[in-house]
Amino acid sequence: MLPPSSIDLLEHAQACCQVLTQPAAVVDSRGGVSDMNGPFLELLACEVGGWQGRPIQAFLSHRSASVLSVLKGKLDIPSSYLGADWILHRDDGASLSAALTISTLSNAMQTLYLLMIQKTPRALANVQREFVRRQSISRAARNLALRVLISDVAHEINQPLIAVTLYAQACQRQLLGDAPLSPMLRPTLKQLSNQSMRAGRVIKQIQYGLASSDKGYSQVNLNALLREVTGLWVEESGIYGVQLIPDLAESIPKISGITSDIAVMLHHLIGNALEAMIRVDCAFGHLIRVASSASFGSVEILVEDQGGGMSEEDRAYLMGEADLNFGSPMKLGLLVCRYVIEQHAGELFWKPHPAGRGSQIIARLPTRS
Amino acid sequence: MDGVRHSPDQPTIYVVDDDEAIRDAIMMLLNSAGMRGRSFASGEEFLANYTTANTGCLVLDMRMPQMSGFDVLDRLLFVMAITLPTCVI
C-alpha cells in the first residue's frame, strides 16, 4: 500500500509548485477547460510518454469530463487512475502556463512529478528544467514525508506504552509496604490492561496496512470486504463487551478501487470506533454498527459507534475541511482514511449518533461503472 | 485526586498532555507517591488557569494539537515571564 503520508507529499508538492509558477489564479471551469487544447495535451503526452507502462495518476481540477476524456485518449491512462485535483494557470498575454501534478506509483512508494507546460517557443527546455527541479523537490518531499510517517507511527505506539509504564509504577507504589490494598489498585490495573491493548491495536492496524500490498484497481465487493474486516475485530471487541453488528445491504454494486487500501480504511474506521468506546469505558452503549447501502452512482459504508464522539479538529480533518495537527490520538487512522478516500475520489462524513452520544462515520465511494 | 488530602502549601505538579491516558497515569502515579498534581488537556487550558502565586513544576507534552508544548513554553517564558521548572515529555 502507498504510505498515507503521500497526502502530505502531494500537498507539499502543490505548495512548491505554487511558489515556482506563481499562478495568477486557479483555473476556473470555463477558462481551464477551454485552454486545455491540442498543443498542451500533445506536449503533455510527450512528457508522460516516458512513464508509459507504470500506473499514472493525473490530478485535474474540476473533474471536467471533457478534459478527462481527452486525457484518457491521449495518454492511454485507465480511467480508474484519473482523480481530481488541480491545474494552475496564468495567462499574461505572452504565455500560458499550466501545471499538472502527475504522480507515479513505483514499488510501494509514491513519487510525484510535476510538469510545468508552457506554450512558448522555449517550452520543451522549460519543461525539462522544471522537471529536474520538481524531481529534486519530490525527493526532498518524499524523504520528509517518510520521516514524518515514521515519527507518527512511533508516537502512536509510544503513547500507550508510556501510560502502561506509568500505571505499572503506580501499581507498584500502591503495593508497597504492609498497608491495606488501595482502592485505586483495581482501576489502575484496569487502565494498565486497557493501554496494553491500545498499543496492541495500533500495532495490529499497522501490520494490517503493511500486509495489504496490492496496488492495482479492480472491482471491489464491499460487502465481502466488510464481512472480512469486521470479523477481524470481533474477538477484541468481545473483550470489552462490545458487539459488532453487520447491517449490510443485500446487494450493492461493486466499485472500482484498490481492495487492500479500502480494507485498511475499513480496518481503521472500525478500530477507531472501538477505541472511541473504550475511552469512555463503554458508558453510552456496547454496539458498533457496520452498514452498507447503495445510492445512485455510489456506495456508502457506515460505521456507527456509541463512544465519546470525535473532536471538532478530528472531524474537520476527516471530512477534508482542515489539515491535521500533530498529537491527535487517532491521527494515523484519520490520515489513512482520508488518503484512501481521496485516492478513490470518495467522501467522508461525520454525523452524531442519532440516539445521543457517539459517532457515525460515512464513507461514500463512487461506483464508476 | 479524589481521596487524597494535601497541604495548601504543598507545591503542585502541573501535567499538560492531550492524551487522557497519559494524564490519568501520571496523576495516578503522583497520587500514589503522595504528591499533589493537577492536569490539563491543553496548553491553553493550563495557561488560563496558572497564576504566578502557584508553586511547583510543569510536566509538559511537546506534541499536542493547537498549542504545542513549545508554544506553551514560549508563552510562559517570553510573554508571561514565568520560569516554572519544566519536564518535557
Completion exercise
In I270(A), V303(A), L287(A), L274(A), the residue satisfying side-chain contact (heavy atoms from CB on, under 4.5 Å) with L244(A) is I270(A)
Exercise for the section: Return the orientation label for the F46(B) and F40(B) ring planes: parallel under 30°, perpendicular over 60°, tilted otherwise. Expected result: perpendicular
Fill in the blank from the handout: Cut-off 4.5 Å, heavy atoms of chain B, and the answer for Q169(A) is both
Practice task
For each of P160(A), A168(A), C171(A), A170(A), tally heavy-atom pairs with chain B at distances under 4.5 Å, and name the one with the top tally.
Solution key: A170(A)
Practice task
Compare all side-chain heavy atoms of R289(A) with those of L302(A) and state whether any distance is below 4.5 angstrom.
Solution key: yes
Practice task
Return each pair, listed once, that meets salt bridge (Lys or Arg N to Asp or Glu O under 4.0 Å) where at least one residue sits in residues 48-61 of chain B; pairs must be two or more places apart or across chains.
Solution key: none
Practice task
Heavy atoms only, distances under 4.5 angstrom: which of S68(B), A33(B), A21(B) has the most pairs with chain A? Name it, please.
Solution key: A21(B)
